[in-house]
Each structure stands twice: as C-alpha cells, then as structure tokens.
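Lettering follows sequence order; numbering is per chain, from 1. None of these values were measured; they are calculated from a predicted model.
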Amino acid sequence: MFFPAYALYANPRLPYLQSQQGKVAELRLELNNGGKKDKNHSAKKIALKKIVANMTMSNNDMVTLFEDIVECMKIPSLEIKKMCFLYLVNYARIKSDVALRALPIILHDMEDSNPLIRALALRTISYIHVPQFIQATVPPLKHLLKDSDPYVRKTAAFCVAKVYDHDRQLVESSDLIDRLNAMLRDENPTVVSSALASLMDIWERSESIKLTIDYASASKIVQILPDCSEWGQTYILEAMMNYVPQDTTEAALLAERISPRLSHTNSAVVLTCIRVILYLINYISDQKVIASLCTKLSPPLVTLLSKGPEIQYLALRNALLILQRRPEVLRNDIRVFFCKYNDPIYVKVTKLELIFMLATEKNIKEVLTELREYATEIDVDFVRKSVRAIGKLAIKIEPAARLCINTLLELVATKVSYIVQEATVVIRNIFRKYPNQYESIISTLCENLDSLDEPEAKAAMIWVIGQYADRIDNSDVLLDDFLYTFKDEPHEVQLALLTATVKLFIQRPTKGQQLVPKVLKWATEETDNPDLRDRGYMYWRLLSSDPNTAKTVVMGERPAITAESEKLDPATLEEMCLVVGTLATVYLKPVQQVFRSARPRRLVDSPALQKHTLPTAQAIAEARKLQQRQDMLPLHPSENTKINGSQGDLASAADAADLYFAGVGSAGMASMQLDDLDGRSTGTPTQGFARSNPYVVTQNQPQQVYEHSSSSRNGDLLEL
Amino acid sequence: MLSGILLFNQKGENLIFRSFRTDCRPRLADVFRIQVISNAQVRSPILTLGSTTFSHVKHDNIYVVAVTKGNANAALVFEFLGRLVQLGRSYFGKFDEEAVKNNFVLVYELLDEILDFGYPQNTETDTLKMYITTEGVKSERAMEDSSKITMQATGALSWRRADIKYRKNEAFVDVIEDVNLLMSSSGTVLRADVAGQIVMRAYLSGTPECKFGLNDRLTLGEDNVLSEQRGNQKGTKATKAAAGSVSLEDCQFHQCVKLGKFEADRIISFIPPDGEFELMRYRATENVNLPFKVHAIVNEIGKTKVEYSIAIRANYGPKLFATNVVVRIPVPLNTAKISERTSQGKAKYEPEGNNIVWKIPRFTGQSEYVLSAEAELSSMTNQKAWSRPPLSLSFSLLMFTSSGLLVRYLKVFEKSNYSSVKWVRYMTRAGNYEIRYV
C-alpha cells in the first residue's frame with residue numbers, strides 16, 4: 001500500500017512514529033495474518049497490543065483499523081475482548097457507524113456465563129457515548145442489576161449513574177433509580193456501597209432528585225462499613241452527609257460508631273470521616289460528647305503529615321479550616337507544624353499559616369526563632385510571607401509586640417531588598433495598631449528608603465512619612481524625593497503621595513505649602529485615574545473651605561486594626577466544614593466560587609441542630625450585641641472607634657479619611673445626615689460611616705484596594 | 001469523581017489517556033502539558049481551571065495525573081494516585097516511563113478494572129493479580145474460577161485468597177522506625193518524633209486470625225481516662241515509661257484490621273493478606289530516644305575560610321552498632337577547597353551537592369567520632385543566595401526502637417490448628433534527622 005499524500009504529515013512531535021500510514025497497514029496485515037494456523041490467536045494478540053500502545057501516542061491514526069477490530073471482537077477470548085473493547089471505548093464516538101456493528105457482540109456478551117465477561121461488556125457498553133449504545137444498555141441493565149454475581153451487580157449499580165450521565169431523561173423515565181434504591185438492601189457490602197456512590201453521583205447533578213437518609217438506613221450503612229473496601233467506606237461516609245439527625249442522641253451515637261474509621265490507613269477514609277464527625281457535631285448538644293469527639297480528631301489529622309506531600313498539603317489546608325471552627329481540635333504542640341528543610345513550598349507556606357494561627361503569648365519566642373529561620377531561606381515568596389507573619393504577630397499578640405519588632409529590625413538589618421520592603425509594609429501596620437509607642441524605629445526605616453521599589457512598600461513608607469510628618473525632621477525633603485517620580489508611579493503610590501502631602505501641609509503648613517498646590521494640580525488635572533482626581537478635588541475643596549474641618553478629617557483618629565482578617569467569614573466557614581477533604585478546602589473559598597456548577601452545601605435544619613453554636617448564628621448575635629451597645633451608649637469618639645476596630649481589619653486600607661472618601665456610599669451619606677439631625681454626631685464623619693455600615697469596611701474595601709496583589713496567590717490566608 | 005487518568009513522561013508526551021467520563025476531552029492533555037509540565041512556576045500539586053482540576057503526583061520520571069470536574073474529594077484522588085503508583089510498582093517492579101511503554105495494554109486493563117465511571121474499585125494487588133497478569137490471562141478460565149474471582153473482589157476479605165497453603169507456616173514482623181529530629185544551632189531539640197511502621201510478611205495457610213500486642217496498651221487504652229481524671233498527665237506518662245510501656249500518639253491500620261474491635265478493647269485483630277503488607281503506622285512523640293547526638297562548631301575566619309568541628313556520639317548500648325552512617329555537612333556555595341580529618345570513617349567533599357559527606361560504615365554504641373574540616377572559599381563578586389541547609393544524618397540501626405516499642409505477642413488462630421513460627425525484627429532509621437547550624 002502506498003499513501004504519498006499522508007507521508008508528509010507525520011507527527012513532528014513523535015519522530016519514532018513517522019510513516020504512520022505504513023504502520024497502520026503493517027498492523028492490519030499482522031492482525032489478519034496467521035489465519036487458521038494462528039490457533040491461540042497469539043499473532044492477533046501481539047498485533048492488538050501494538051495497536052493499543054499506539055492509541056494515545058499516535059494521534060488517532062489507529063482509527064482506520066476499526067473494522068478489523070470489530071472482526072476480532074467475535075473471538076471468544078477474554079484477553080482479546082478486553083483489548084478490542086478498550087479500542088471501542090476510545091474510538092466509538094469518532095466512527096459511530098462502524099461502532100454500531102460491535103453492538104450485537106457486546107449485547108451477546110452481557111449474557112455470557114462468565115461473570116467477568118458480563119461485567120466487562122456492561123462496563124464497556126455504558127462508556128460509549130452513542131445514543132444507540134445507551135438505549136441498548138437499559139434492558140439488559142435492569143436484568144443485570146439483579147444478577148446472581150455481586151461483581152456484576154456492583155458494575156450494574158455504577159452503570160445506572162453512567163447512563164444518567166449520557167441521557168438523564170432515559171433514566172428518569174425508567175424505574176432504574178428505584179431499582180438502584182432497592183440495591184441498598186443487598187446482602188453484599190460492596191454492592192451497597194456502589195449503589196450509594198451511584199445514587200450520590202446522580203444526586204450531585206440533578207435538581208429533581210432528593211437524597212435523604214433516615215436514621216434507620218444511616219445506622220444500617222454504618223454497620224456494614226467495616227466489611228467494605230476502603231473506597232466503599234469513603235462512599236458510605238460521603239453519603240452520611242445526607243443524613244440529617246432529628247435527635248441529638250442519634251447524632252452522637254452515629255458519630256461514635258464511625259469514629260473507629262479515623263484509624264484507617266487510607267487518608268480519604270480518615271478525612272471523610274473527620275468531615276462527617278464535624279458535621280454531626282452540629283447536631284449534638286452534649287458538650288462532653290463533643291469534647292471527646294474533638295480529642296479523637298486531632299491525632300489522625302497530625303498523622304496525615306507523615307504521608308506524601310500532596311496529602312500533607314491537603315491535611316494542612318483542612319487543619320486551617322478546622323482550627324477556625326473547632327480550635328480545641330488542634331491544641332497540639334505547635335512544633336509538629338514546623339517546616340522541614342525539604343518540604344515542598346506549598347507545604348511550607350501552609351505550615352507557616354498554621355504556625356501564625358496557633359501562635360500565642362506562651363509560644364511566641366519559639367515561633368519567632370522559627371520564623372526568623374524561614375526568613376533566611378531562598379524562596380522569595382516564602383521569605384516575604386514569613387516576614388509578614390512576624391509583623392502580623394505583633395498585631396495579634398499585644399504583649400509580644402516588642403519581641404516581634406526586634407525580630408523585624410534584625411531582618412531589616414540584613415538589607416536584603418525584598419525583606420526590607422516587606423518589613424516596611426508590616427511596620428506601617430504596627431504603627432497603626434500601637435500609635436505613639438514604637439515611632440523610635442522610624443529612623444531605621446528611613447535608612448532604607450532607596451531600596452524600596454515595590455508599590456506596596458512605597459505606599460507604606462509614604463504613609464509613615466505623611467502620618468508622622470511633624471516628627472520626621474526632613475519629611476518635606478523625603479516626600480519631595482518621592483514626588484519626583486509622581487507621574488510614573490502606579491495609582492496606589494500616587495494616592496498615598498497625595499494624602500501624605502496633604503497631611504504634611506496640615507501638620508507643618510510652612511513646609512508643605514510648596515508641595516501641596518503642585519500635587520493637587522497633578523492629581524486633578526494631569527491624571528486619567530478617576531479615584532485620584534476625585535480625591536484630589538475633595539482635598540482641594542476641603543482645604544480651601546475650612547482648614548479646621550480638614551484637619552479633623554485628614555488627621556482624624558483611625559480605627560484600631562486587628563489580625564482577624566485571616567479568618568474566613570462565618571458563612572464560608574460553615575460551608576467549608578461540610579466539604580472537608582475536597583478541592584474547595586485547598587482554595588479555602590466558597591465552593592461555588594471555585595466550581596460554579598457544584599451543588600452548594602448547607603446545614604439542613606432539624607430539631608437537633610444546635611443553631612446557636614453555628615458560626616453564622618454567632619456572627620449575627622455578635623453584630624446584634626454591637627448594635628445594641630451602640631444604640632444604648634451616647635456616642636463618644638474613642639468608644640466608637642473601639643467598636644469599629646473589633647469589627648475587622650483595616651490594615652491594608654489607607655487611613656480612615658481615605659477610606660471614607662473611597663468607600664462611603666450613599667447609605668453612609670444618609671446616615672451622616674441623620675446623625676447631624678439627632679445632634680449626636682460629635683466627632684468626625686468617619687464615625688457615621690463606621691457605624692452605619694461596618695461590613696463595607698471590613699470585607700470589601702481592603703480587597704478592592706489590594707486586589708492586584710492577592711489575585712496571584714490563590715487562597716493564601718496570610719494576606720494583608 | 002475522577003473523569004480521567006493521564007500519564008506523561010518528563011518531556012510532556014502523553015503516554016496514557018483514559019477517560020471515564022465524557023467531559024474528559026483529549027485536548028486536556030495539552031492543557032496539562034502547557035500549564036504544568038512546561039511551567040517552571042508550578043507551586044502546587046493541584047491546578048483548577050474553570051471547573052476542571054488537574055491533580056498530579058510525580059513518580060520517578062512520569063507524571064501521574066487525575067482529571068476531575070467540580071468539587072471532588074481531593075483526599076480520595078491523591079490516595080488513589082498513590083495506590084496506582086504502588087500497583088504499578090508491584091506489577092512492573094518500577095513504575096516509570098519504560099515500564100509504562102512496555103505495558104500499555106496492562107496499564108489500560110488495570111485502569112479499566114480499578115476505576116469504574118471514575119470511582120475507585122478494588123485495588124488490592126493480590127486479588128487483581130488473580131485475573132490481570134503480565135503474561136495475559138492464562139488459558140481461558142473456567143466458570144467457577146471466575147466466580148471465585150468475583151467473590152474475592154467484592155467480598156469482605158477482598159485482600160486474601162481463600163485457598164492459600166504453606167508447608168511451613170511463618171510470619172515475619174518488621175518494626176521500622178523513622179526518627180525525625182530538628183535541632184537548633186544552640187542544641188535545643190525543636191522537634192523529635194518517631195514515625196513507625198510495622199510491616200508483616202505472612203506465609204500462613206487457610207484463613208488465619210491474628211492477634212497482635214505491643215507494649216503500649218496502657219497508654220492507648222487508659223491514658224485519656226487517666227489524664228482526664230487526675231489532670232496529671234506528665235506524672236502518669238513518666239511512670240509508664242519506667243514500667244516499660246510506651247505512649248503512642250496515634251495509630252493507623254491496614255484495611256484488614258478490625259477497627260471496631262481495636263476501638264473497643266484495644267486488641268489488634270486481623271486476617272492478614274498473603275505475603276508482605278503494612279500492618280500499621282504509628283506516631284510517637286514522648287520519650288524519644290535519639291540514637292545520635294551531634295555537636296557542631298562552625299567558625300568563619302574572615303571571608304575566605306570556614307572551620308568545622310563536628311562531633312557525633314552514639315547514644316545506644318555498646319553491643320549494638322549502626323550501619324551506613326552518613327553525615328552531610330553543607331558548605332557555602334563558593335567553596336573552593338576542603339581539607340578534612342576524621343577519627344573514623346571517610347569524608348569527602350562533593351562539590352555538586354555542596355556537601356562534605358562523612359561516611360561511617362559501622363558505628364558502635366557509646367563511641368564518639370570527630371570530624372574537623374577547613375573550607376577555603378573563593379572570593380565572589382556577586383553573592384549567590386545560599387539557603388544554609390541543615391546538617392543531616394542518615395543511618396540504620398538494628399534491634400533498637402527510638403520509641404521503645406516492643407512486640408509483646410503475635411498469636412495465630414486457624415481452624416486446622418497448625419503451629420506457626422514468628423519472627424520479629426526491629427530497626428531504627430533516620431527520617432529527617434537535621435541539625436541547624438549557621
């Protein structure tokens with residue numbers, strides 16, 4: 001045979017597969033060779049093996065052999081059948097007309113006396129996405145769901161989900177799902193777990209089908225757990241999430257009964273078991289039972305850290321989650337989370353986050369020594385996060401602030417550019433948290449001005465200069481230096497420069513009077529950025545109308561910041577705890593944000609649900625309490641700022657006035673006016689804003705401001 | 001669940017492509033190649049693009065990749081990939097590019113068997129080897145044979161064949177401990193723990209019921225109660241250690257161990273698979289006996305010279321000896337020349353790893369050896385970042401467990417009542433045995 005036109009199109013990526021067509025012809029010859037002499041079909045087997053080997057590597061050239069393969073299928077040999085079926089699954093969609101000729105052969109095989117062949121035929125036919133095949137599957141499937149052999153039955157159970165995947169209506173209009181349901185009473189545990197997995201798969205993709213498990217069935221499937229394969233155990237545990245306890249003792253009993261699974265060697269069993277126990281705890285009222293369950297969760301979670309790095313990573317991400325929901329679970333020695341030198345970077349970064357979250361006044365010395373060690377590693381991103389963590393610890397653990405700052409200063413002394421920049425950013429936050437305490441280190445920061453080249457660090461430094469313009473002798477000179485490149489800076493830095501210049505002017509009018517007009521002109525007339533221009537105009541108006549008001553606004557008292565921003569918001573936390581061990585927990589983001597089509601999970605209400613213990617409920621209660629307190633107390637500036645501070649972290653935002661201008665919505669404006677009418681507003685307008693709309697500040701604003709820096713690092717909590 | 005399994009070589013060639021669902025399209029192979037294999041910036045084993053997630057592990061010179069849609073159970077995905085690698089190794093000896101290329105058909109056959117619609121099925125090597133073999137299916141099996149296989153694959157004892165016979169019934173137990181140490185440069189132990197595994201090789205006839213006991217029963221059984229009652233955990237643990245029992249932080253067992261029974265009565269009871277398997281894993285953090293103590297002094301003399309003085313002492317009994325002790329002492333990247341002296345073993349500078357490698361083939365208990373070395377540094381114009389890796393040790397030490405764990409008994413019950421011989425061996429190895437130094 002000769003194919004001149006094709007010879008040129010040999011795949012350039014795979015040089016050893018050149019002259020594809022020659023190869024196909026050769027294989028065909030080999031396949032049909034031997035004829036009757038080939039008694040054991042050994043020649044055919046060899047040829048088939050070659051064809052299978054070439055299926056993936058040779059870009060579909062093997063498809064031309066389809067008709068020859070169909071011929072081979074008739075040979076009554078399991079080995080040959082397997083290869084032919086594999087070929088069929090691969091190519092049936094491309095050549096459905098030829099594939100149809102294989103249909104009678106497969107249908108025939110589904111009635112074979114050998115259960116392995118029956119199962120193989122059923123498995124194969126249901127993989128083929130060709131309508132005729134799917135339709136032809138249904139009648140024998142009904143029959144095979146009741147096969148005498150459990151291996152065939154479990155294959156049939158999965159087959160229902162497969163057919164559903166191809167053609168929903170076909171399944172919904174038949175009684176297949178009912179039949180599948182009936183299989184939950186099968187005597188063979190593997191069949192039961194397969195039927196459950198199949199039902200769950202269908203439920204996952206269907207709006208119309210409900211899957212509820214009552215206590216009796218839950219109890220029954222838990223009973224067969226020990227007799228199932230490790231995967232079967234995982235499917236059963238996953239199905240347990242669809243059981244809604246109606247009674248708190250029932251929940252406790254089931255949690256107790258599945259807890260031995262925590263000692264299984266398969267981490268899928270362990271993590272899924274942790275998921276179910278955490279879920280059931282929501283329905284348990286007895287605190288003692290909860291405490292004893294929580295103690296059981298901790299050791300297996302830590303043991304997962306001796307598995308491969310991927311499982312370690314997953315376990316650590318979930319530990320971050322569980323820590324927020326049930327802190328008592330991870331009361332471990334923090335040292336189990338210290339990084340090993342050879343840990344992959346993704347493990348290290350997550351360990352760092354855990355160390356940060358577990359740090360307390362008691363272990364802070366140990367933690368700082370460890371973080372200091374990490375800050376000398378070579379992975380830049382990891383080093384930055386370590387530095388950031390030290391700074392955030394200063395904010396989180398007040399008594400340790402001094403220690404943290406000393407560590408930071410040691411690091412700044414290394415003069416490594418990215419360490420200095422990172423330190424600058426966190427020190428800015430430390431100033432905000434502890435005003436008038438650590439300003440003595442400003443001079444150290446000023447020594448490193450030249451090494452700042454990242455916008456975030458620059459903006460931080462500029463903020464410091466502006467804020468402390470009256471204490472830094474040459475603040476005007478420093479600012480002027482920065483202003484030299486004003487037009488080339490990113491908006492973030494331009495905004496910071498604008499504000500800092502105004503602050504300088506307000507604190508030291510003589511020094512600032514030359515700079516202010518220049519900057520305001522740039523900001524209002526020579527920029528394309530609407531935020532910058534708007535802010536420029538506002539400052540302008542403010543300064544020209546009433547300098548005193550300008551002072552209260554611009555230099556107003558800033559709400560204190562906290563380190564709470566690492567925590568997930570309550571609704572997300574609640575949802576994430578229902579999907580422990582899944583991909584979403586790696587990203588620590590709401591399931592639907594990562595996977596749009598995924599089914600959202602929610603805690604289902606029942607008389608047993610301990611609603612008051614849920615994160616969302618607690619958050620609402622907290623907010624209500626705050627509201628009450630605010631309503632009762634006559635507003636006083638300091639009181640108000642404190643309350644606002646506890647609401648969340650403003651760390652990454654600029655100062656309060658900036659926030660006010662950047663974030664205040666019409667609602668904020670309206671409430672300002674109300675305040676005036678009530679005559680209660682005694683302080684700055686920021687109070688009105690903070691009071692009426694705290695969530696805007698805490699949740700949206702910082703993210704908007706720093707979106708560019710967080711977008712590249714998905715799901716990391718240690719973000720400012 | 002899984003939509004497909006893909007295998008790649010290091011060049012990014014797709015060796016195996018098996019889809020289990022219609023949403024796993026062939027072009028996904030190109031996506032993975034571009035996004036992960038040829039991307040040097042990859043920092044995670046998981047990549048999600050749209051609703052498709054690639055989870056991969058690297059084994060030898062191949063990438064083993066699972067494709068999933070939606071919010072899949074990631075633990076199951078990685079656990080399965082690990083199992084696939086394990087299966088590959090037990091079938092081909094090695095699971096690398098060559099093994100895959102020589103066994104395309106078998107790999108596809110295995111995948112078809114161990115995953116149905118992307119759901120992992122029975123992955124027990126022993127059972128699979130009954131009907132999926134490298135020689136191809138031996139003759140065509142008779143009906144009864146097949147149903148034996150199917151019963152096995154779906155039964156409660158899916159890991160064991162029923163008709164096993166040995167003339168001599170034996171069981172070998174290996175207690176292998178990896179001791180992890182992280183010591184600061186000032187000599188304080190930052191972390192010391194033991195990751196232990198108990199590997200059994202069972203050559204037992206019939207369906208033997210085994211009961212297995214360790215010297216940790218007190219702890220595992222009563223510790224929680226005790227400490228809750230008295231609130232005096234430390235005191236009780238110390239007394240227990242003195243009484244010869246150890247406290248294990250946690251245990252994980254092979255599928256064959258009856259977990260319910262363990263939870264209730266603290267008895268490790270099981271019907272073992274035939275041949276070698278990992279019976280359990282455990283973790284211990286209390287009273288870890290460190291086999292070696294390392295004392296490192298590093299002096300930087302000016303910018304061109306560093307002096308090292310490393311002393312290492314064996315903490316175990318004089319009758320024992322460790323073998324293959326290797327100490328790796330990292331030196332700066334700009335090291336030009338090393339001169340070294342040792343009181344035992346041989347030391348050599350390995351420029352490719354920037355290490356001084358000190359090998360001591362046999363290290364008797366209670367002895368102490370010293371290495372002194374001097375590194376001459378070449379002057380460099382631009383300083384390359386050096387991550388200052390820790391000094392690390394590897395060794396193996398027989399008849400010693402760092403946790404103090406001992407096997408108390410192994411009883412075998414079988415209905416034919418044969419007698420069996422049991423052997424126990426202990427070994428401690430270095431896991432991550434690291435000493436930080438500046």
Between [options], the one whose heavy-atom pairs under 4.5 Å with chain A are most numerous:
| options | value |
| --- | --- |
| B/Ser158, B/Ser44, B/Ser51, B/Ala72 | B/Ala72 |
| B/Phe253, B/Phe78, B/Phe80, B/Tyr119 | B/Tyr119 |
| B/Gly260, B/Ala195, B/Pro390 | B/Pro390 |
| B/Leu76, B/Asp23, B/Asp178, B/Leu182 | B/Leu76 |
| B/Ala153, B/Gly118, B/Pro389 | B/Pro389 |
| B/Tyr282, B/Trp159, B/Phe17 | B/Phe17 |

Region of [X] in contact with chain A, defined by heavy-atom distances below 4.5 Å:
| X | result |
| --- | --- |
| B/Thr52 | neither |
| B/Val189 | backbone |
| B/Ile16 | backbone |
| B/Gln121 | both |
| B/Gln255 | both |

Say you draw a straight line from [atom1] of [X] to [atom2] of [Y]; how long is it, rounded to the nearest 0.5 Å?
| X | Y | atom1 | atom2 | result |
| --- | --- | --- | --- | --- |
| B/Tyr131 | A/Leu78 | OH | CG | 10.5 Å |
| A/Tyr151 | B/Gln152 | OH | CD | 12.0 Å |
| A/Thr190 | B/Asn122 | OG1 | CG | 8.0 Å |
| A/Ser298 | B/Glu249 | OG | CD | 7.5 Å |
| B/Glu79 | A/Thr265 | CD | OG1 | 6.5 Å |
| B/Thr154 | A/Lys154 | OG1 | NZ | 8.0 Å |

Does any non-hydrogen side-chain atom of [Y] lie less than 4.5 Å from one of [X]?
| X | Y | result |
| --- | --- | --- |
| B/Thr53 | A/Val594 | no |
| B/Thr150 | A/Val152 | no |
| B/Arg191 | A/Lys340 | yes |
| B/Phe117 | A/Thr155 | no |
| B/Thr123 | A/Trp231 | yes |
| B/Arg283 | A/Leu305 | no |
| A/Glu370 | B/Leu190 | yes |
| A/Leu86 | B/Arg18 | yes |

* **Between A/Thr582 and B/Asn71, a side-chain donor and acceptor under 3.5 Å** => yes
* To do: Taking atom types as modelled, find out whether B/Asn73 and A/Thr272 have a side-chain donor-acceptor pair closer than 3.5 angstrom.
  => yes
Measuring heavy-atom distances to chain B, does [X] have an atom under 4.5 Å in its side chain, in its backbone, in both, or in neither?
| X | value |
| --- | --- |
| A/Cys159 | neither |
| A/Val270 | side chain |
| A/Asp112 | neither |
| A/Val591 | side chain |
| A/Phe595 | side chain |
| A/Phe338 | both |
| A/Tyr341 | both |
| A/Tyr235 | side chain |
| A/Asp149 | side chain |
| A/Leu262 | backbone |
| A/Val269 | neither |
| A/Arg601 | neither |
| A/Glu373 | side chain |
| A/Arg599 | neither |

* Asked: Are the charged groups of B/Asp112 and A/Arg123 less than 4.0 angstrom apart, N to O?
  ->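 Between A/Arg123 and B/Asp112 there is a salt bridge, with a charged N closer than 4.0 Å to a carboxylate O.
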* **Note: A/Lys162-B/Asp116 ion pair, threshold 4.0 Å (strictly below)** =>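 A salt bridge is present here (some side-chain N lies under 4.0 Å from a carboxylate O).
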* Could you tell me which residues satisfy ring-ring contact (aromatic ring centres under 6.0 Å, His included) with B/Tyr433, sequence neighbours excluded, listed by chain and number? => B/Phe395
* Asked: Got a sec, which residues hit side-chain hydrogen bond (donor to acceptor under 3.5 Å, both in side chains) with A/Tyr87, two or more places apart in sequence or on another chain?
  -> none
* Using modelled atom types only, decide if a donor and an acceptor are shared between the side chain of A/Glu230 and the backbone of B/His254 within a distance under 3.5 Å. =>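 Answer holds: no.
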* Between the side chain of B/Arg281 and the main-chain N/O of A/Lys307, is any donor-acceptor distance below 3.5 Å? ->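 Judged by distance alone, no pair lies under 3.5 Å.
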* Asked: chain B: which of A/Leu48, A/Ile51, A/Leu304, A/Asp201 shares the most heavy-atom pairs with it under 4.5 Å?
  ->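 The option with the most such pairs is A/Asp201.
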* Asked: Do you know which of A/Ser259, A/Ser198, A/Gly581 has the most heavy-atom pairs under 4.5 Å to chain B?
  -> A/Gly581
* Scan A/Lys82, A/Lys49, A/Lys81 and name whichever one has a salt bridge (Lys or Arg N to Asp or Glu O under 4.0 Å) with B/Glu109. => A/Lys82
* Under the criterion side chain to side chain donor-acceptor pair (under 3.5 Å), which of A/Arg257, A/Lys296, A/Arg261 is the partner of B/Glu263? ->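 It is A/Lys296; the other options fail the test.
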* Asked: Would B/Thr22 and A/Arg93 count as a side chain to side chain contact (heavy atoms under 4.5 Å, CB included) if you check the C-alpha gap in whole Å, the side-chain angles of each, and the deciding distance to 0.1 Å?
  -> CA-CA 10 Å; B/Thr22 41; A/Arg93 266 173 95 170; 3.7 Å; yes
* How far apart are the C-alpha atoms of A/Asn266 and B/Arg83, what are their side-chain angles, what is the distance that settles it, and do they pass the side chain to side chain contact (heavy atoms under 4.5 Å, CB included) test? -> CA-CA 10 Å; A/Asn266 186 314; B/Arg83 194 61 53 88; 3.9 Å; yes
* To do: Return the minimal non-hydrogen interatomic distance between A/Leu583 and B/Ser55, and the atom names on each side.
  =>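 That closest heavy-atom pairing would be CD2-OG, 4.4 Å.
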* More than 12 heavy atoms of other residues, nucleotides or ligands under 6.0 Å from CZ of A/Arg205: is that the case? ->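 More than 12 heavy atoms, drawn from other residues, nucleotides or ligands, come within 6.0 Å of this atom.
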* Taking the six-membered ring of A/Tyr313 as reference, does the NZ or CZ atom of B/Arg43 fall below 6.0 Å from its centre and within a 45° cone about the axis? -> no
